[in-house]
Visitor: 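Please read through the structure below; I'll follow up with questions.
Atoms considered below: every heavy atom in the structure, side chains included; atoms not considered: hydrogens, waters and symmetry mates. Letters A, B, ... mirror the listed sequences (proteins, then strands); counts begin at 1. Quick caveat, the model's predicted, so the values are computed rather than measured.
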Amino acid sequence: MIDIKLIREKPEVVRKNLEKRKSDFPLDDLISLDKKWRELKKEIDRLRKERNEKSTQIAEMRKKGKDSKELQKAVKKINVEIKRKEKEYEELGKKRKHLWMQLPNLLHDSVPYGEDEKDNVEIKRWGEPKDFDFPVKNHIEILEALGLIDIERGAKVAGARFYYIKDDLVKLDYALINFALDHMRKKGYVAVEPPYMMNRRAYEGVTDLADFETVMYKIENDDLYLIATSEHPMAAMFMDEIIDPAELPIKLTGISPCFRREVGSHGKYSKGLFRMHQFNKVEQFIFCLPEDSWDFLEELQRNAEELYESLGIPYRVVNVCTGDIGTVAAKKYDIEGWFPSAGEYKEIGSNSNCTDYQARRLNIRFGKEGGEKGYVHTLNNTALATSRTMIAIIENNQNEDGSVDIPKVLWKYLDFKRLEKK
RNA sequence: GCCGGGGUGGCAGAGUGGUAAUGCGCACGCCUUGAGAGCGUGUGCCCUUCGGGGCAUGUGGGUUCGAAUCCCACCCCCGGCGCCA
């Protein structure tokens with residue numbers, strides 16, 4: 001959510017941002033809706049004032065034992081009118097809010113202009129993709145041969161894009177979680193295991209409204225949605241609160257499964273473990289003062305890069321362009337890992353500064369009571385999503401005999417050093 | 001799930017039909033060499049032509065000229081019972 005005052009007073013700034021995003025958002029509709037809404041509010045407030053005055057008069061007359069029938073009649077009449085206008089006001093208000101919530105965040109100047117992900121700008125590359133002297137296999141071939149994954153039974157029991165992972169792969173999953181958690185905790189981030197479900201009000205605060213149709217699973221009979229990432233419950237954690245600036249920054253690292261419907265994302269990179277309905281992820285999250293958020297974006301970036309570097313996964317970093325950045329972020333870096341079977345870099349993590357956009361929706365402020373207040377800034381970055389990282393490890397560290405070498409940093413979490421046929 | 005108690009500002013806490021006391025905290029000012037104490041002003045949200053106005057007692061309805069207060073439904077918290085990994 002963007003400050004409504006900015007929309008009213010400097011619509012040209014907002015309009016320019018929309019042009020940059022190539023958004024077809026109907027800004028003029030929002031502005032005129034807001035204007036009508038305010039006019040109607042003024043009108044209703046005037047009527048309410050009249051009613052309050054008359055009611056007070058009635059009370060005084062009663063005290064004196066005078067007859068107040070006429071006044072009562074008049075108030076009744078005003079009330080009918082208030083009720084009529086309130087209904088209109090409420091409908092207008094809903095439309096206004098709905099539209100307002102869809103208005104995307106203001107972009108940072110450094111976000112490159114572009115149509116889609118092809119126009120993302122590479123800003124860094126680390127590591128050298130290995131030259132294999134044998135035909136590389138993809139992770140599904142490798143895992144099926146090792147008997148560590150069961151795709152068919154996953155589909156039988158839950159549907160496509162659900163899988164059973166087994167045995168040493170389960171251990172590897174948890175090793176990666178512990179590895180990432182340890183890394184983040186060493187940096188002073190507080191580990192959080194959040195609720196895996198959230199109610200509508202909280203969820204509307206953290207994400208694009210369109211996600212309710214394409215991303216989130218709704219729990220029947222309850223006002224609950226399965227979380228798509230622990231970013232969401234962490235962001236909502238301080239909903240409707242005022243944080244003492246002395247407490248900031250708040251640095252969290254969340255661990256949870258992530259549930260995603262993935263409606264409309266068929267085909268692309270959909271093979272194997274790359275895009276599933278359920279996966280585990282360690283996430284980084286920061287609440288901070290507005291002036292600090294751009295520095296923290298770089299800190300979050302570095303944290304994630306260190307993880308992939310110590311795992312030995314070649315990666316590159318892209319500055320995500322205007323056409324690919326999404327509604328909530330003001331700036332976003334993606335980390336793309338190297339996948340030998342595809343012969344390209346693909347997204348394994350995503351780092352966003354959401355500035356005050358989420359905080360405004362969630363009503364999370366900082367400030368002393370009675371003192372100056374403002375909205376905090378929120379940032380989130382993947383630390384490590386286990387499924388995609390496992391694919392990267394498996395494909396990059398495969399041997400000709402079908403075994404896979406485990407990166408040394410994970411050994412202490414495991415009772416094996418290779419995935420191999422038993 | 002059942003029974004009981006409860007939900008009022010940042011916190012504590014009054015108000016049982018007449019339009020939200022009071023205390024603490026916090027911010028600003030005065031005073032002070034400084035701090036503290038003391039005194040004063042302010043302290044949520046929305047609108048405003050900056051004069052002011054409206055809203056706000058868990059949420060949503062209802063009754064009434066007027067609801068924190070009465071009625072209905074729901075949500076949440078605490079205690080007990082039940083069920084349970």
Side-chain angles (χ1 to χ4, degrees), chain A residues 1-9 30-101 193-205 218-225 233 236-248 250 256-257 287 289 356 359-376:
Chain A
M1 236 157 156
I2 292 181
D3 190 355
I4 194 79
K5 290 203 177 90
L6 183 76
I7 301 168
R8 285 174 194 160
E9 287 160 20
L30 177 61
I31 290 171
S32 75
L33 215 51
D34 180 57
K35 200 173 163 208
K36 268 191 224 156
W37 177 82
R38 279 187 290 166
E39 276 161 12
L40 200 54
K41 175 174 168 52
K42 247 189 260 182
E43 179 64 16
I44 289 169
D45 282 357
R46 194 186 61 74
L47 287 168
R48 280 177 176 158
K49 187 190 173 194
E50 202 180 329
R51 178 188 60 187
N52 290 346
E53 283 168 354
K54 289 206 159 76
S55 277
T56 310
Q57 279 178 40
I58 291 169
E60 279 165 15
M61 288 170 85
R62 289 233 172 153
K63 237 182 249 166
K64 291 177 189 159
K66 287 193 203 160
D67 176 52
S68 59
K69 282 254 164 57
E70 281 302 313
L71 263 183
Q72 287 184 34
K73 244 178 165 172
V75 174
K76 227 168 185 168
K77 215 168 140 192
I78 294 171
N79 274 337
V80 173
E81 189 159 357
I82 290 178
K83 210 149 215 178
R84 210 192 66 225
K85 293 213 155 122
E86 268 178 346
K87 206 180 158 195
E88 200 187 332
Y89 176 71
E90 200 182 311
E91 276 166 24
L92 216 56
K94 262 188 206 158
K95 267 192 216 158
R96 169 182 172 270
K97 177 98 187 277
H98 189 73
L99 205 56
W100 183 17
M101 284 187 87
E193 190 178 284
Y196 296 166
M197 299 171 212
M198 289 165 67
N199 62 37
R200 177 96 195 185
R201 158 85 216 284
Y203 230 129
E204 282 184 345
K218 167 96 179 78
I219 307 292
E220 200 171 352
N221 296 329
D222 288 289
D223 175 30
L224 288 171
Y225 296 81
M237 208 168 160
F238 296 100
M239 180 166 81
D240 293 327
E241 293 189 30
I242 298 170
I243 302 173
D244 188 331
E247 306 285 319
L248 294 170
I250 296 172
S256 81
F287 299 89
L289 293 169
D356 60 358
R360 205 177 286 281
R361 285 179 168 216
L362 288 164
N363 191 28
I364 306 174
R365 289 171 297 168
F366 66 88
K368 291 271 185 195
E369 286 317 310
E372 207 186 332
K373 293 189 191 78
Y375 290 97
V376 300

Visitor: Which part of the nucleic acid, if any, lies within contact of A/R201, taking any heavy atom under 4.0 Å across all strands shown: a base, the sugar-phosphate backbone alone, or nothing?
Guide: nothing

Visitor: So which atom in A/M61 and which in A/D67 form the shortest heavy-atom distance, rounded to 0.1 Å?
Guide: CE-O, 3.2 Å

Visitor: Take the protein atom OH of A/Y375 and the nucleotide atom P of B/C45, then report the distance between them rounded to whole Å.
Guide: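 The distance from OH of A/Y375 to P of B/C45 comes to 8 Å, rounded to the nearest Å.
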
Visitor: From the options B/G44, B/G53, B/C65, select the nucleotide whose nearest atom is closest to the side chain of A/R365.
Guide: B/G44

Visitor: OP1, OP2 of B/G66 versus side-chain N and O of A/N79: anything below 4.0 Å?
Guide: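 A/N79 to B/G66 OP1/OP2: side-chain N or O found under 4.0 Å.
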
Visitor: Categorize A/R62 for me: base, sugar-phosphate, or nothing, with a 4.0 angstrom heavy-atom threshold over every strand shown.
Guide: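 The answer is base, as A/R62 lies within the cut-off (heavy atoms under 4.0 Å) of a base atom.
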
Visitor: What's the spacing between A/K73 NZ and A/I78 CD1 if we round to 0.5 Å?
Guide: 14.0 Å

Visitor: For the residue pair A/W37 and A/Y89, categorise the inter-ring angle as parallel (less than 30°), tilted (30 to 60°) or perpendicular (more than 60°).
Guide: parallel

Visitor: Using atom P of each nucleotide, how far apart are B/U33 and B/U41 to the nearest Å?
Guide: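 B/U33 and B/U41 have their P atoms separated by 25 Å.
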
Visitor: Quick check on B/G51: syn or anti? Syn means the glycosidic torsion is within 90 degrees of zero.
Guide: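 Glycosidic conformation of B/G51: syn.
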
Visitor: Which ones in residues 35-45 of chain A lie close to RNA chain B, meaning a heavy atom under 4.0 Å from one of its atoms?
Guide: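 Contacts with RNA chain B under 4.0 Å: A/W37, A/R38, A/K41, A/K42, A/D45.
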
Visitor: When the C1' atoms of B/G15 and B/G23 are compared, how many Å lie between them, rounded to an integer?
Guide: 15 Å

Visitor: In this structure, how many angstroms lie between the C1' atom of B/C47 and the CG atom of A/L92, rounded?
Guide: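 It is 14 Å, rounded to the nearest whole Å.
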
Visitor: As a quick check of understanding, evaluate salt bridge (Lys or Arg N to Asp or Glu O under 4.0 Å) for A/D45 and A/K49, giving each step before the final call.
Guide: CA-CA 6 Å; A/D45 282 357; A/K49 187 190 173 194; over 6 Å; no

Visitor: Heavy-atom count around A/K95 NZ within 6.0 Å, excluding the residue itself: above 12?
Guide: no

Visitor: For B/A68 versus B/U57, give the span between their C1' atoms, rounded off to a whole number of Å.
Guide: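 Their C1' atoms lie roughly 5 Å apart.
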
Visitor: Within this structure, what is the CG-to-C1' distance between A/D34 and B/U48, rounded to whole angstrom?
Guide: 14 Å

Visitor: Can you check the distance between B/G18 and B/U69, where both ends of the measurement are the C1' atom (answer in whole Å)?
Guide: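 One C1' to the other, the span is 12 Å.
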
Visitor: Taking any heavy-atom pair under 4.0 Å as a contact, classify A/T56: base, sugar-phosphate, or nothing.
Guide: base

Visitor: Could you tell me if the side chain of A/P194 sits less than 4.5 Å from the side chain of A/M237, heavy atoms only?
Guide: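 Not in contact.
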
Visitor: To the nearest Å, give me how far apart CD1 (A/I242) and C1' (B/U43) are.
Guide: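 For the pair A/I242 CD1 and B/U43 C1', the rounded distance is 11 Å.
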
Visitor: Using atom P of each nucleotide, how far apart are B/G42 and B/U49 to the nearest Å?
Guide: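 The answer is 23 Å between these two P atoms.
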
Visitor: To the nearest Å, how far apart are A/K69 NZ and B/U64 P?
Guide: 14 Å

Visitor: Between B/C47 atom C1' and A/E86 atom CD, what is the distance in whole Å?
Guide: 15 Å

Visitor: I want to check one thing: is the phosphate of B/C46, taken as OP1 and OP2, less than 4.0 Å away from some side-chain N or O of A/R8?
Guide: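 No, because none of the side-chain N or O atoms of A/R8 sits under 4.0 Å from OP1 or OP2 of B/C46.
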
Visitor: On RNA chain B, nearest-nucleotide positions of A/A59 versus A/K49: which is more 5'?
Guide: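 The residue mapped nearer the 5' terminus is A/A59.
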
Visitor: Assign A/I58 to base, sugar-phosphate, or nothing according to its heavy-atom contacts below 4.0 angstrom with the strands shown.
Guide: base

Visitor: Within this structure, what is the CG-CD1 distance for the pair A/L99 and A/I31, rounded to the nearest 0.5 Å?
Guide: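 That separation rounds to 10.5 Å.
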
Visitor: Pick the C1' atom in B/G82 and in B/G17, then give their distance to the nearest Å.
Guide: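 After rounding to an integer number of Å, I get 41 Å for this pair.
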
Visitor: Out of curiosity, A/R365 CZ to A/Y375 OH, how far, rounded to the nearest 0.5 Å?
Guide: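 If I round to the nearest 0.5 Å, the distance is 6.0 Å.
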
Visitor: Below 4.0 angstrom, N of the basic side chain to O of the carboxylate: do A/R96 and A/D34 qualify?
Guide: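 Salt bridge flag = yes for A/D34 with A/R96.
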
Visitor: At under 4.0 Å between heavy atoms, what does A/D223 touch on the DNA or RNA strands: base, sugar-phosphate, or nothing?
Guide: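 Nothing: the residue A/D223, judged by heavy atoms under 4.0 Å, touches no strand.
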
Visitor: How far, in whole Å, is B/A73 from B/U22 if one measures between their C1' atoms?
Guide: 35 Å

Visitor: Could you give the distance separating B/U19 and B/G25 at their C1' atoms, to the nearest angstrom?
Guide: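 Their C1' atoms lie roughly 28 Å apart.
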
Visitor: Whole angstroms only, please: what is the CD1-C1' distance between A/I78 and B/G66?
Guide: 13 Å

Visitor: Please find the pair of heavy atoms, one from A/L40 and one from A/K85, that lie closest to each other, and give the distance.
Guide: CD2-O, 3.9 Å

Visitor: Look at the side chain of A/N52 and decide which nucleotide, out of B/G54, B/C65, B/C47, has an atom nearest to it.
Guide: B/G54

Visitor: Can you tell me how far C1' of B/C46 sits from CH2 of A/W100, to the nearest Å?
Guide: 11 Å

Visitor: Taking Watson-Crick (N1-N3 plus N6-O4 or O6-N4) and G-U wobble (N1-O2, O6-N3), each under 3.5 Å, can you produce the dot-bracket string of RNA chain B? Use [ ] for crossing pairs and | for inter-strand ones.
Guide: ((((((((.[[[..)..(...]]]((((((.......))))))((((....))))..[[[[[..)....]]]]])))))))....

Visitor: Heavy-atom distance under 4.5 Å between the side chains of A/T56 and A/E53, does that happen here?
Guide: no

